[in-house]
Structures are given as C-alpha cells and as structure tokens.
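First comes the structure, then the notes that go with it.
In the text below, chain A, chain B and the rest are named by the order of the sequence lines, each starting its count at 1.
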Protein chains: 2
Amino acid sequence: MPKTADPDVRDRLIGLAAARLAARQPVSLRGLADAAGTSTMAVYTHFGGMPGLWHAVRDAAFATLAQELGRMSPTDDPVTDLMATGSAYVTNALTHPDLYLVMFDARGGPDHPDSAGTTFAVLVTAVQRAIDAGRFAASTDAEGAALELWAMTHGLVMLVITEAIGEDDLNRHLPEMAIAAYAGFGDDPVAARRSVIGIVPFRQRSP
Amino acid sequence: MPKTADPDVRDRLIGLAAARLAARQPVSLRGLADAAGTSTMAVYTHFGGMPGLWHAVRDAAFATLAQELGRMSPTDDPVTDLMATGSAYVTNALTHPDLYLVMFDARGGPDHPDSAGTTFAVLVTAVQRAIDAGRFAASTDAEGAALELWAMTHGLVMLVITEAIGEDDLNRHLPEMAIAAYAGFGDDPVAARRSVIGIVPFRQRSP
DNA sequence: CAGGTTACATGACAGTGCTATACATAGCAG
DNA sequence: CTGCTATGTATAGCACTGTCATGTAACCTG
C-alpha cells in the first residue's frame with residue numbers, strides 16, 4: 001500500500017553533502033534540500049535528521065576508502081604493500097580532509113560495525129600476509145599490529161589536518177615510524193627500511 | 001580615558017565554558033552570558049565572538065597541560081620519565097575528552113605559536129634528556145622524535161575518544177608502540193622495555 | 001569635576017535543526 | 001479499473017543559535 005521512498009533522493013543528498021564538504025561550503029538542512037530539489041522533510045524520511053545524514057556520509061566515505069584500499073594490486077613484498085596501503089590511506093585523508101573529519105567525528109555516535117570495520121579488515125589482511133611471508137614474527141597479533149599502524153597514521157594525519165604539524169612533517173616521519181613499528185613486529189630493520197623506499201611522497205601536490 | 005574591561009568576566013567565561021564542556025552540557029553564547037551574570041556582548045568585547053572564546057579555552061587548556069606535565073619530578077631514568085609524561089598526557093586527555101577535542105579542533109584557525117608550542121617543548125626537553133643520557137643515539141633529532149611520540153599518542157587518544165577503539169586497546173598498545181619507537185631512536189630494546197614497566201594503567205578508572 | 005571613551009545591556013535579524021499539519025501520490029484490495 | 005489507505009513530501013512555524021546596531025552607564029584622564 002505504501003508509497004516507496006526514492007533512493008535517488010537519498011543518494012543525491014549524501015553526494016551533495018560530501019560535495020559541499022569538499023568545497024568547504026556550509027552544509028545545512030535547507031541548503032541541501034534546495035540543492036537536491038526537494039524539501040527538508042526528505043532528510044527526515046531517509047535519515048531521521050541531520051545526525052543520521054552525517055552517519056550515512058561517514059558510512060559512504062568508509063566504504064569508498066575500503067574499496068580504494070582493496071583494489072591495490074599486491075607486489076611480491078607484503079611489507080611494501082603495507083606501506084603502500086598506508087600511503088593510499090594518507091592520500092585519501094589529505095585529499096578530502098573535511099570528509100576525513102566527518103568519518104572520525106566524535107559526535108557520530110556508535111556506528112554499524114561494518115562501517116569502519118571493513119576498512120580496518122583490509123589492513124589486518126595486509127598485516128597477516130606479512131606474517132605468513134615470515135617478515136613479521138609468527139607470534140604477532142595481526143589485529144593488534146594493524147591497530148598500531150592505524151593509530152600512528154591517524155595521529156599524524158589528524159595533526160596535519162588540524163594544522164598542528166605540516167604535511168612535510170608527515171612525509172618525513174611516517175616512514176621512520178613505520179620502520180620502527182615493523183622492526184618491533186620482528187621484521188629485519190634492513191628489510192623494513194628497504195620496503196619503504198619509493199613509497200613517498202604520500203601526496204603528489206597540494207589541492 | 002576608557003572604561004577598562006573586567007578580566008574577571010573574561011576568566012569566568014572561559015571557566016564556565018570549560019565546565020559546561022566537561023559536564024557535556026551545550027555551551028551557547030546566551031547560556032554562558034547568563035551563567036556569568038553578564039550579557040552576550042561581553043563575549044564580543046573580550047573574545048570578538050564565539051570562535052575567539054573557543055580559541056581562549058584552547059589556549060588555557062594547553063597552558064594547564066604544559067604546567068601539569070612540567071611539574072613532574074624526573075627520576076634517574078629519562079626514558080621512564082618520557083613514558084610517564086606520555087601517561088600523564090593520556091590521563092589528561094581521557095579525563096577531559098571534550099576539552100581535548102577543542103584543543104585540536106580543526107575549525108580553530110591558526111593559533112598563537114606559544115599555545116601548543118610550550119606544551120610540545122616539554123616533550124622535546126624530555127627527549128633531549130634521553131639523548132644526553134646516552135639512551136637515544138646522539139644523532140637523534142629531539143624535535144623529530146618528540147613529534148613521532150606525540151603523533152602516535154595523539155592517534156591512540158583520538159581513536160579512543162571517537163570510540164573507534166577501546167580504552168583497554170590504548171593501554172595495551174601504547175607501551176608496545178613506545179618501546180618500538182624508543183628502539184628506533186637507538187635505545188636498547190631491553191632497557192626500553194624495562195623503562196615502561198609499571199607505568200600503566202594510564203588512567204585509574206572511568207569517569 | 002568635566003569629557004570622552006569604552007564596557008556592557010537590550011533588542012532585533014538571519015540562520016539553524018526540528019516537527020505538526022496538510023497534501024499528493026503510489027500501491028494494493030475489491 | 002476504482003477506491004482506500006499508507007506513506008513521502010511540502011509548508012509553516014517553533015525554539016534556538018551567533019552576530020551586530022543601538023543605547024546607556026561607568027570609568028579614567030586631564
């Protein structure tokens with residue numbers, strides 16, 4: 001009996017929100033509805049309100065990131081792949097800093113476990129490959145190691161986005177931090193250092 | 001000739017803003033002015049607007065943190081002191097998570113260099129002590145090493161505050177990450193590990 | 001004590017997210 | 001194919017936000 005909601009409107013709202021975010025324009029309920037050619041109520045039927053919209057934007061951003069990281073073609077060196085994954089992660093974050101902030105907005109509330117989870121799983125898999133290849137100690141906890149790599153990368157990225165440090169600081173220090181982490185996971189420091197060569201720069205140019 | 005602004009009103013506004021932040025109450029211009037027993041214009045004469053108020057709150061938070069970290073009494077092991085500094089940093093952040101978010105709010109704009117700078121200087125000094133004591137390689141860049149330790153700690157803290165990971169994850173992984181970093185700075189891994197013992201837990205209890 | 005300058009009070013304005021109500025439309029029952 | 005019903009959407013208003021123009025009163029200087 002019901003009239004079905006138009007999923008196109010939903011996608012348009014999410015896309016427009018991300019676009020205004022990227023353009024550093026204020027993203028407001030009325031502005032979004034006008035741009036989408038609908039009324040403010042559409043946001044409530046589809047998302048239940050602005051927080052719900054932000055939640056959907058965040059989920060979409062994580063899905064895009066997971067897809068982006070997932071389609072990287074692995075080389076014969078799993079540690080090099082790990083470093084390349086980190087590089088892609090940083091590039092994504094610094095190319096869309098406002099979207100990255102929404103992804104990690106503290107006012108986001110608990111999300112579906114598959115939002116950030118699937119993205120994190122990509123990293124865990126990459127770590128597991130390094131373990132299986134014997135580069136990391138067999139006793140290494142893949143999830144724990146992935147969490148540590150994620151945390152250090154996230155920290156540098158956040159400091160860059162909040163302008164506490166410069167982008168050059170990130171390019172200078174992330175390789176060194178990664179090498180130290182890899183060594184801590186039982187990798188040969190020399191091999192770890194070799195795996196990092198040629199990965200930088202993390203981003204081609206400023207936007 | 002002029003009528004001088006009351007610095008007491010200024011301090012009261014900053015303190016009330018921080019208090020409402022800690023109480024997780026919405027901090028609005030009118031609510032603040034009412035609680036401070038003044039009018040909304042006081043915020044404009046003292047801070048030029050709400051962004052200026054947030055800026056002042058952030059500066060005050062950094063000053064408090066620098067003072068808190070600075071009055072830690074050094075032991076005979078500079079690396080242990082470094083770890084203790086990190087522990088105090090984490091405790092401060094997780095005890096006042098909303099204030100921590102304001103300190104690193106991306107919409108804060110460029111701040112006076114002495115705001116976060118003096119806090120960071122405390123960490124640089126602690127690293128320099130480890131270098132002078134021969135625990136870190138003499139070739140170690142004190143500022144660079146401090147930045148790396150800061151970034152990894154900040155990353156873990158932010159992930160905890162945004163509820164991407166749990167507080168127990170931080171307690172579990174920060175020591176390991178620090179040990180790996182210390183080793184990368186040239187410290188003996190065994191000595192590094194010994195320096196970390198007894199530092200955890202980073203926070204006594206949940207708030 | 002007078003003058004001028006400034007902090008602070010009042011009120012209005014544009015904008016925000018949210019929601020109660022009215023309307024239009026899509027889908028199923030007959 | 002018709003009519004009912006359930007649902008998405010439009011409209012308008014509410015309470016709230018930060019900002020600023022104006023007015024008043026207090027202060028310091030000369």
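- Scanning both residues, A146(A) and L123(A), for their nearest heavy atoms gives O-CD2, 3.4 Å.
- Distance CG (L13(B)) to P (dA7(C)): 14 Å, rounded to an integer number of Å.
- The shortest heavy-atom contact between M83(A) and Y182(A) is SD-OH, 3.5 Å.
- Taking 4.0 Å as the cut-off between side-chain N and carboxylate O, R172(A) and D169(A) count as a salt-bridged pair.
- Residues meeting the side-chain contact (heavy atoms from CB on, under 4.5 Å) test with R10(A), sequence neighbours left out: I14(A), H46(A), F47(A), A56(A).
- Within residues 17-38 of chain B, the residues approaching DNA chain C are R30(B), T38(B), by heavy-atom distance under 4.0 Å.
- For the pair L53(A) CG and dT16(C) C1', the computed distance is 15 Å after rounding to whole Å.
- Using the six-membered ring where Trp is involved, F104(B) and H154(B) have ring planes that are tilted, between 30° and 60° apart.
- Taking NE2 of H96(B) as the reference point, atom CE of M103(B) lies at 10.0 Å (rounded to 0.5 Å).
- Using a 4.0 Å cut-off, some side-chain N or O of S39(A) falls inside it from OP1 or OP2 of dA10(D).
- Among the nucleotides dT19(D), dC8(C), dT11(D), the one closest to the side chain of M41(B) is dC8(C).
- Against DNA chain D, the stretch residues 42-51 of chain B makes heavy-atom approaches under 4.0 Å through Y44(B), G49(B), M50(B), P51(B).
- Atom CZ of R12(B) and atom C1' of dA7(C) are 14 Å apart (whole Å).
- Salt bridge D8(A)/R12(A): present, at least one basic N to carboxylate O contact under 4.0 Å.
- Across all their heavy atoms, A66(A) and T119(A) have their closest contact at CB-OG1, 3.6 Å.
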